Amino acid sequence: MSSRVIVIGAGIGGLSAAIRLAASGFTVTVYETNDRVGGKMSEIESGGFRWDTGPSVITMRHVLEDTFSAAGRVLSDYVTLLPIDPLTSYFWLDRTRLDVSADTSVMSERIASIAPGDVDGYLRYLEYAAQIHRVTGPVFIYDQPPRPSSFLKVPLTDWLVADPFRTMDAAIRSYVRSPKLRQVLGRFATYVGGSPYQAPATLNVIADVELSGGVWYPQGGVYAYAAALERLARELGIGIVTNCGVASIACQDGRAVGVILETGASVPADAVISNLDVTTTYMRLLPKSGKFLSRLKRLQAFEPSCSAFIMLLGVESVTHGLSHHNILFSDDYAREFRQIFREGVPADQPTVYIAITSKTDPAHAPSGSENWFVLVNAPALTPESGWATVSETYAERVLNMIEAHGLTVRNRIRAQHVLTPDDLQTMTGAHRGALYGASANSRFTAFRRPHNRCPDLRGLYFAGGTTHPGGGVPMVTLSGKVAAELVKADLS
């Protein structure tokens, strides 16, 4: 008899873990409370428009390919990844524009047009970010959670290269002088829900992943990757049960022995993987007493990452000048992050991200129209957030910011859906609506992030953006790999 594993949640991390375990001979069942797989990676269709509602940027293609190869499959047989160029188009209120490319010769020319003194500094910054990736990748990204012995594998001089004692912004300032270029490079802190003015310089590794590795788009929409994982999972015999929530994790003699479904049914297992937010797992699925309660209080004490305010807009007519990925910067970036993280209020002049997949997939909008996925960073939920009463007003503020950049949009909106941090918490189980669990605004974040093996209950494991190695599609995919490896090691 093969070992039985239950996965709670059919997000990307949960599906990744399930696939690797099934490919190794385990019997795996996934329970998902929503009516479809994907977790935060989802989609909405309305009035002829289609939008991805979660992740919109895919990097580290090799991580996705590795998941399929672990099951003896080829990624390209399940989903087509298209390279996106420019990677992102950046806009400022003075009408400056920068189209970012992974081609350094092209980027050198474009940087020279807006900040001629920073071309050499930008190229040196790329080398610096690549060095961080080389040093931190084996310990913090591609392996199991770091242990004290992990650091013995890396020479002290290399750890200094990882630059853990400066902030991202301080490091960036040492390479480029242009405030505009500093904004472009500092923006990568938001990929893990942090602030460039607080997050450690080590996170400049993200720039190497995107600026050197490129950006990819799954043809048909980012949700096509979730659909590809579901197809592979079902081919491997994994049971995926949607519209079926888990009420609790069954515990016996200090071990997870299965789950209790919301229907009241008890399902036994040799191991359980929770693809929920780790804090939410402790809040909803484990006893609120003893060591579980103590752990929950510690998790709740961590500063959360930012959340998001999202507008899905069906826009009439084609907007010339916009790309697939676009950033409309505010003119006071430091104030924006101070409001989000220190004051806990939505920024009064937010930077606006707009993804338009119909630029690449015309079928995502009626002919002559576009589908805009509009996102601004927002603070994690507090009892005072009150999004139910302020969402309409804040939507107007976002539209004002878009129009301040010279883009007329109000009179072209033909469809609109708004998702607040409250909605994100309800839809995905993200504690306080935080997209990435604990914030990255500390040099100790990598060590505080919950381990993929639960320290309080044998047989329970974690996958997803709130556990090692962190958030983002490739990282969450890797979290599933780590969880699966731990299960295999413990049950062998």
Side-chain angles (χ1 to χ4, degrees), residues 7-18 30 32-34 38-42 54-55 63 140-141 144-146 189-194 199 203 206 226 246 249 256 272-286 292 294-308 341 377-381 421 424-442 444-457 460-484 486-487:
V7 178
I8 304 171
I12 302 306
L15 291 174
S16 168
V30 182
E32 170 57 53
T33 190
N34 293 309
K40 292 185 178 72
M41 184 182 287
S42 189
V63 171
F140 292 106
I141 300 175
Q144 295 184 14
T190 66
Y191 281 36
V192 289
L203 289 178
I206 302 170
V246 171
I249 295 169
V272 175
I273 299 175
S274 177
N275 187 206
L276 297 181
D277 183 304
V278 175
T279 303
T280 301
T281 300
Y282 274 85
M283 286 180 63
R284 298 183 184 176
L285 305 183
L286 292 170
F292 299 111
S294 298
R295 180 78 58 183
L296 174 59
K297 289 180 178 178
R298 287 197 292 275
L299 291 169
Q300 291 175 322
F302 292 147
E303 177 191 51
S305 71
C306 66
S307 185
F341 285 103
N377 295 314
L381 291 169
L424 298 178
Q425 178 175 251
T426 300
M427 293 165 57
T428 69
H431 178 58
R432 295 179 60 183
L435 298 179
Y436 307 96
S439 85
N441 295 336
S442 166
F444 303 109
T445 297
F447 305 99
R448 291 175 175 170
R449 187 175 290 123
H451 199 287
N452 303 83
R453 181 191 280 121
C454 179
D456 303 308
L457 186 65
L460 175 61
Y461 305 82
F462 299 113
T466 61
T467 187
H468 172 81
V473 175
M475 305 292 267
V476 168
T477 301
L478 285 169
S479 79
K481 176 182 179 180
V482 172
L486 292 173
V487 170

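Not measured: the values here are computed from a predicted model.
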Novice: State, with a plain yes or no, whether a side-chain heavy atom of Pro469 is found less than 4.5 Å away from one of Ser479.
Specialist: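 Pro469 reaches Ser479 side chain to side chain.
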Novice: Check step by step if side-chain contact (heavy atoms from CB on, under 4.5 Å) holds for Leu203 and Tyr191.
Specialist: CA-CA 10 Å; Leu203 289 178; Tyr191 281 36; over 6 Å; no
Novice: How many angstroms lie between CG in Leu285 and CG in Leu457, if you round to the nearest 0.5 Å?
Specialist: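 Going from CG on Leu285 over to CG on Leu457, the span is 11.5 Å.
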Novice: Which heavy atom of Ser42 sits nearest a heavy atom of Gly39, and at what distance?
Specialist: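 Of all heavy-atom pairs spanning Ser42 and Gly39, the closest is CB-O, 4.2 Å.
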Novice: Counting C-beta onward and ignoring hydrogens, is there a side-chain heavy-atom pair between Glu303 and Ser442 closer than 4.5 Å?
Specialist: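 The answer is no; the side chains never approach within 4.5 Å.
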Novice: Would you call Ser16 and Val476 a side-chain contact if the rule is heavy atoms closer than 4.5 Å?
Specialist: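 Side-chain contact under 4.5 Å: no.
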Novice: May I ask you to decide if Tyr436's main-chain N or O and Ser305's side chain share a donor-acceptor pair within less than 3.5 Å?
Specialist: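 Such a contact is found between Ser305 side chain and Tyr436 backbone.
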Novice: How long is the gap from NZ on Lys481 to CD on Gln144, to the nearest 0.5 Å?
Specialist: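 Reported value, rounded in 0.5 Å steps: 10.0 Å.
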Novice: To the nearest 0.5 Å, how far apart are CD in Gln425 and OG1 in Thr280?
Specialist: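 So the gap between those two atoms works out to 7.0 Å.
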Novice: Between CD1 of Ile141 and CG of Leu478, what distance do you get to the nearest 0.5 Å?
Specialist: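 Here the rounded value is 8.5 Å.
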Novice: Which heavy atom of Phe341 sits nearest to which heavy atom of Pro304, and what is that distance?
Specialist: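 Heavy atoms of Phe341 and Pro304 come nearest at CE2-O, 4.0 Å.
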Novice: Kindly give the heavy-atom pair with the smallest separation between Ala463 and Gly14, and that separation in Å.
Specialist: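 Reported closest heavy-atom pair: CB-N, 4.4 Å.
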Novice: Thr466 and Val278: which non-hydrogen atoms are nearest, and at how many Å?
Specialist: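 For Thr466 and Val278, the tightest heavy-atom pair comes out as OG1-N, 3.0 Å.
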Novice: Search all heavy atoms of Leu15 against all heavy atoms of Ala226 and return the closest pair with its distance.
Specialist: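 Of all heavy-atom pairs spanning Leu15 and Ala226, the closest is CD1-O, 4.3 Å.
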Novice: Can you name the closest pair of heavy atoms from Gly194 and Asn441 and give their distance?
Specialist: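 It is CA-OD1, 3.4 Å.
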Novice: Using a 3.5 Å distance criterion without hydrogens, assess whether the side chain of Ser274 forms a donor-acceptor pair with backbone atoms of Thr281.
Specialist: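 Not confirmed, Ser274 side chain does not pair with Thr281 backbone.
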Novice: Among Asn275, Asn452, Thr467, Leu486, find the residue that satisfies the side-chain contact (heavy atoms from CB on, under 4.5 Å) test when tested with Tyr461.
Specialist: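 When side-chain contact (heavy atoms from CB on, under 4.5 Å) is applied between Tyr461 and each of Asn275, Asn452, Thr467, Leu486, only Leu486 qualifies.
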Novice: Quick one: pull up OH in Tyr282 and NZ in Lys297 and give me the separation to the nearest 0.5 Å.
Specialist: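 Rounded to the nearest 0.5 Å, the OH-NZ separation comes to 14.5 Å.
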Novice: Does the side chain of Phe302 come within less than 4.5 Å of Pro450's, by heavy atoms?
Specialist: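 No, their side chains stay 4.5 Å or more apart.
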Novice: Would you mind reporting whether Ile8 and Ile273 have side-chain heavy atoms less than 4.5 Å apart?
Specialist: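 Sidechains of Ile8 and Ile273: no contact.
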Novice: With the side chain counted from C-beta on, respond yes when Gln300 and His431 share a heavy-atom pair under 4.5 Å apart, and no when they do not.
Specialist: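 In contact.
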Novice: Distance check, rounded to the nearest 0.5 Å: Asn34 atom CG versus Met427 atom CE?
Specialist: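 If we round to the nearest 0.5 Å, Asn34:CG and Met427:CE are 7.5 Å apart.
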